[in-house]
Amino acid sequence: SDVEVDGPEYDQLWGVFGVRARVVRMQLGEQQLELIEFLAPPDVRPIPVPSHSNDLWFQHVAIVVRDMEAAWAQLRKHHVRQISPRPQTIPISNPAAAGIKAIKFRDLDGHNLELLWFPEGKGNPRWHQPGSNIFLGIDHTAMTVRSTENSTKFYRDLLGLTVAGGTLNMGTEQEHLDSLPGTRARVTGLTPQMGPPGVEFLEYELPTAGRPFPTDSHPTDLWHWQTTLVVPDVEATAATLRGMAQFVSSSVVILPNKALGFTKGFQVRDPDGHAIQIISP
C-alpha cells in the first residue's frame with residue numbers, strides 16, 4: 001500500500017504537531033516493512049555520522065537470502081554502502097550460530113540492514129523451503145541495548161515475547177561484520193507468538209555501549225525505527241505499560257480509517273529509546 005495521512009489523530013499517534021506522512025508498506029515473503037516519509041513538519045534530522053553498531057540508536061532488519069553470493073552481487077551491482085567488506089561466516093567456535101553467513105550494509109538514508117544465510121538445521125524451517133527467489137523474507141529486527149536483562153523484562157514480561165536463545169559473538173568475523181575492532185557482542189533472540197519476524201538484542205560488551213539514544217528524539221528523525229507489535233487488547237497493554245515506559249502517544253489513538261492497516265494503537269519507547277508501535281488490527 002502507499003497512502004498519505006494527516007489530522008489530529010496522527011499528530012497524537014506520533015506525538016508531533018502538524019503531521020502529514022506518506023506511508024509505504026512493502027512485503028517480502030510473509031513479512032512487511034513500512035517506510036515513513038514525513039512531508040510535514042519540514043525539518044528532518046539525519047542519522048549521526050559516524051554511527052556504529054554499539055550506539056544505542058542502532059537498529060537493523062535482517063533479510064534472509066537463499067544464495068549469499070548472488071545476494072552480495074546484487075548489492076555490488078547497485079553500489080550499496082557496505083558496513084562489512086564482504087559476507088562473514090560465523091566460525092565453529094560459536095556452535096549455536098556456526099555456518100551462518102551475514103553481511104551488513106546501509107540504505108540511502110543510512111539505515112542499517114543485514115543479509116543472512118542459514119545452513120541446513122539452523123534458522124526457521126521456512127527459510128529452507130524450495131524455490132528460486134534470492135531474497136526470502138525478514139527474520140528479525142536487531143537493536144542495540146545497554147542491558148539484556150532490562151530489555152528482556154520489557155519485551156518478555158510486559159509484551160509477551162519468548163526468549164529463543166542467545167550467543168556470544170566475537171573474533172575477526174564479528175569485527176568485520178560490524179566494522180568495529182575488538183567487538184564482543186551478546187546476542188539474544190526473542191520470538192512473538194506468530195512470526196517471524198522476531199526481535200534481537202545486541203549488548204556490546206566490547207566496545208561497551210556507545211552513545212545513548214538522543215533524549216529529544218522524534219519520529220521525524222531519520223534514526224527513528226518503530227517495531228509494530230499486534231496485541232489482542234490495546235487498552236490493556238497500555239495500562240500495563242503506564243509508568244513502565246515512555247509514551248510517544250499521549251494515549252491509545254483511534255484512527256478514522258484503516259489507511260495504516262489498523263484503527264487503534266499507540267507508541268512507546270523501550271528502556272533504551274527504541275520505539276514500539278502497539279496496535280490492534
Side-chain angles (χ1 to χ4, degrees), residues 26-35 51-55 57-72 74-75 80-90 94 96-107 109-129 133-145 148 151 155 161-169 173-174 176-180 183 185-192 194-204 223 225-229 270 274-276:
M26 309 181 77
Q27 183 158 335
L28 180 62
E30 298 179 8
Q31 294 77 48
Q32 295 181 355
L33 178 73
E34 283 186 348
L35 306 177
S51 190
H52 302 294
S53 298
N54 65 323
D55 293 321
W57 60 73
F58 179 88
Q59 188 165 351
H60 74 237
V61 292
I63 299 167
V64 183
V65 300
R66 187 182 308 278
D67 182 323
M68 180 59 80
E69 289 302 317
W72 185 34
Q74 183 82 339
L75 298 189
V80 167
R81 296 165 57 200
Q82 294 179 202
I83 298 171
S84 320
R86 61 174 55 252
Q88 303 295 311
T89 303
I90 306 301
N94 187 345
I100 294 174
K101 297 179 181 180
I103 185 172
K104 292 182 179 179
F105 60 104
R106 288 183 178 152
D107 73 5
D109 290 303
H111 300 115
N112 298 283
L113 299 102
E114 181 180 50
L115 299 184
L116 279 179
W117 176 85
F118 290 104
E120 198 63 40
K122 286 189 168 65
N124 191 292
R126 75 179 59 203
W127 307 136
H128 299 286
Q129 294 176 358
N133 47 326
I134 297 175
F135 301 94
L136 304 180
I138 299 172
D139 185 74
H140 64 267
T141 180
M143 57 188 71
T144 298
V145 303
T148 299
S151 294
Y155 285 88
L161 277 70
T162 301
V163 175
T167 61
L168 183 62
N169 292 5
E173 295 83 8
Q174 189 66 35
H176 285 88
L177 180 62
D178 287 339
S179 191
L180 202 60
T183 295
R186 182 181 174 190
V187 182
T188 304
L190 294 93
T191 58
M194 297 176 64
V199 171
E200 189 174 275
F201 301 149
L202 307 174
E203 180 185 348
Y204 282 83
W223 60 82
W225 290 71
Q226 57 187 53
T227 304
T228 298
L229 179 66
D270 73 6
H274 302 286
I276 310 297

Report the C-alpha separation of Phe118 and Asn124 in whole Å, then their side-chain angles, then the decisive distance to 0.1 Å, and conclude whether the side chain to side chain contact (heavy atoms under 4.5 Å, CB included) test is met. CA-CA 9 Å; Phe118 290 104; Asn124 191 292; over 6 Å; no

Which is it for Tyr155 and Val163 under the side chain to side chain contact (heavy atoms under 4.5 Å, CB included) test, yes or no, and what are the steps along the way? CA-CA 9 Å; Tyr155 285 88; Val163 175; over 6 Å; no

Quick one: closest heavy-atom pair of [X] and [Y], and the distance?
X	Y	answer
Gly121	His128	N-NE2, 4.3 Å
Leu115	Met68	O-CE, 3.6 Å
Asp107	Asp109	OD1-N, 2.9 Å
Gln82	Trp72	OE1-NE1, 3.0 Å
Pro192	Gly198	CD-CA, 4.0 Å
Ser53	Tyr204	CB-OH, 3.1 Å

Neighbour count >12 (heavy atoms, 6.0 Å) for atom CZ, Arg86: no

Side chain proximity check, [X] to [Y], heavy atoms < 4.5 angstrom:
X	Y	value
Trp127	Leu116	no
Asp270	Met143	yes
Glu203	Ser151	no
Thr188	Val145	no
Lys104	His176	no
Thr227	His274	no
Pro119	Ile100	yes
Glu173	Thr89	no

Just verifying a value: how many Å separate [X] [atom1] and [Y] [atom2], rounded to the nearest 0.5 Å?
X	Y	atom1	atom2	value
Gln59	Thr141	CD	OG1	3.5 Å
Thr228	Gln226	OG1	CD	5.5 Å
Asn112	Arg81	CG	CZ	9.5 Å
Leu177	Thr183	CG	OG1	9.0 Å

Determine yes or no for a side-chain-to-main-chain donor-acceptor pair under 3.5 angstrom, with [X] supplying the side chain and [Y] the backbone.
X	Y	result
Thr144	Asn54	no
Glu30	Leu28	no
Trp117	Arg66	yes
Asp55	Trp57	no
Gln27	Gly29	yes
His60	His140	no

Test Arg186 against every option in Thr167, Leu202, Thr148, Asn169 by the side chain to side chain contact (heavy atoms under 4.5 Å, CB included) rule and name the one that passes. Thr148

Full working for side chain to side chain contact (heavy atoms under 4.5 Å, CB included) between Val65 and Lys101: CA-CA 10 Å; Val65 300; Lys101 297 179 181 180; over 6 Å; no

Side chain to side chain contact (heavy atoms under 4.5 Å, CB included), that's the test. Do Leu161 and Leu229 meet it? Break it down for me. CA-CA 10 Å; Leu161 277 70; Leu229 179 66; 4.2 Å; yes

Is the ring pair His111/Trp225 parallel, tilted or perpendicular, if the boundaries are 30 and 60 degrees? perpendicular

